[in-house]
Amino acid sequence: MKRNVKDLKIIFMGTPHIAMEILAFLIDSNLNITCVVTQPDRPFGRKKETIPSLVKNMALQNEIEVFQTEKIDHETIAFFKEKKPDLIILVAFGILLPNELLEIPTFGSINIHPSLLPKFRGPSPIQTALLKGESQTGISIMLMSKKMDAGPILAQKKIEVGKNENYQELEKHIIEISKDLLLDTMKQWITKKITPKTQDESKASFCEIISKRDGFIDWKQTSYQIFNQYRAFSKWPKIYSFWNDKKSKKKIIFNQIQVTSQTFPEKKPGEIFQIDNKVLIATNNGAIILKIITPEGKNEMKIQEFVNGKPHFIGSKFE
RNA sequence: CGCGGGGUGGAGCAGUCUGGCAGCUCGGCUGGCUCAUAACCAGCAGGUCGCGGGUUCAAAUCCCGCCCCCGCAA
């Protein structure tokens, strides 16, 4: 039986940025990554350029074999069996894996999930923690089972969430902590020093996949609800609202906002007004301060610059 | 050939339809007011109107070609 993590034949599975960071760490730790499995390259951007995923690039740079698939079929299973892996490590792969695949490696299949399971099972745990204004979240390392994010837990670590922390910042924090936690957990797991703990199903909660529409602002929310939405979706899709500029309706993305503790009872939600050189928008219980925006068809700009060109913005209203 | 918006002094915009003196807000500079100021007053500088060609007495504006930026879609 292998007792050193460096002897393990590992298959790494994952697709987005967070997966790429963990993969880079595993490579730097001199682990034996036999193969990297990631989702197919997708057309990206206005010109529909097909850009390889971050994980694929990382693997190719290190001369690691890449297998791309968007479904687990017989071909995929056969490929895995042929590789005879000792361990699968999966970070945000995006596809549910069947038992038949999970059971192939000697030491099973390990998943990093950025929440304190059984809380926030599903595809958007980081965003959901921010959106709900959690002051604490965490990382769970677990064995995968047939059901999404429901497998027994090998290790967990709590992380404090700053009041103003946004998605990128929290993700970075989580990645840093995940690295050592993952390596330690792997070492302990293969030397049988950990007993997996079954999750308490009665405490399970779920989060949904994020869609563009989740960035749409309902001005009838409280200032802090909107601010949490801003933090949660700061990487994508960003928060936005629609504004009638004379004839056409324009989407405006809010790149940087702040909350104010002042209240403005005479203002209705969505109303735009100016106080002390600050541009504010009324919410259900107060207002948020606009700093930087991207109007549809325009480049990112400071709010004051936008107001210079469109003074009628002040006094108008968001939908 | 995916759909749409845009490129005008340093920044943000109007002007283009209907061709005829380069305009607005902000910033910069100079002077004034003020105990003082990011406030106020007076003045000044700063532009190949994205690039190339065409039409015209005359083009930011009309016609043709190209480049770049952004939103949607995927």
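Reckoned from all heavy atoms, side chains included, excluding hydrogens, waters and symmetry mates. In what follows, chains are A, B, ... by sequence order, proteins preceding strands, each numbered from 1.
Taking the P atoms as reference points, B:rG28 lies 15 Å from B:rG10, given to the whole Å. Only the C1' atoms considered, B:rG27 is 12 Å distant from B:rA38, to the nearest whole Å. Taking the C1' atom of each, B:rG71 and B:rU34 are spaced 48 Å apart, rounded to whole Å.
The side chain of A:Lys251 contributes no N or O atom lying less than 4.0 Å from OP1 or OP2 of B:rC70. For the pair A:Lys212 and B:rC72, the criterion of a side-chain N or O lying under 4.0 Å from OP1 or OP2 is met.
For A:Asn308, taking side-chain heavy atoms from C-beta onward, the closest of the listed nucleotides B:rA11, B:rC69, B:rG71 is B:rA11.
When hydrophobic side chains of Ile, Leu, Val, Met, Phe, Trp and Tyr are connected at separations under 4.5 Å, A:Ile209 ends up as a singleton with no cluster partners.
In terms of the side-chain contact (heavy atoms from CB on, under 4.5 Å) criterion, residue partners of A:Ala287 (sequence neighbours excluded) are, by chain and number, A:Thr260, A:Phe264, A:Phe273, A:Leu280. Taking A:Glu319 as the reference, A:Phe242, A:Asn244, A:Lys249 meet the side-chain contact (heavy atoms from CB on, under 4.5 Å) condition, with sequence neighbours excluded. A:His312 pairs by the ring pair (Phe, Tyr, Trp, His ring centres under 6.0 Å) definition with A:Trp243, not counting sequence neighbours. Partners of A:Trp219 by ring pair (Phe, Tyr, Trp, His ring centres under 6.0 Å), not counting sequence neighbours, listed by chain and number: A:Phe254, A:Phe318.
Remark: B:rG52 base-pairs with B:rC64; criterion is Watson-Crick or G-U wobble with both hydrogen-bond distances under 3.5 Å.
The aromatic rings of A:Phe227 and A:Tyr224 stand perpendicular to each other, their planes meeting at an angle above 60°, with 30° marking the opposite boundary.
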Nucleotides 6-8 of chain B: which of its N/O atoms have a protein N/O under 3.5 Å away?
from  : atom 1 : to       : atom 2 : distance (Å)
B:rG6 : O2'    : A:Lys298 : NZ     : 3.0

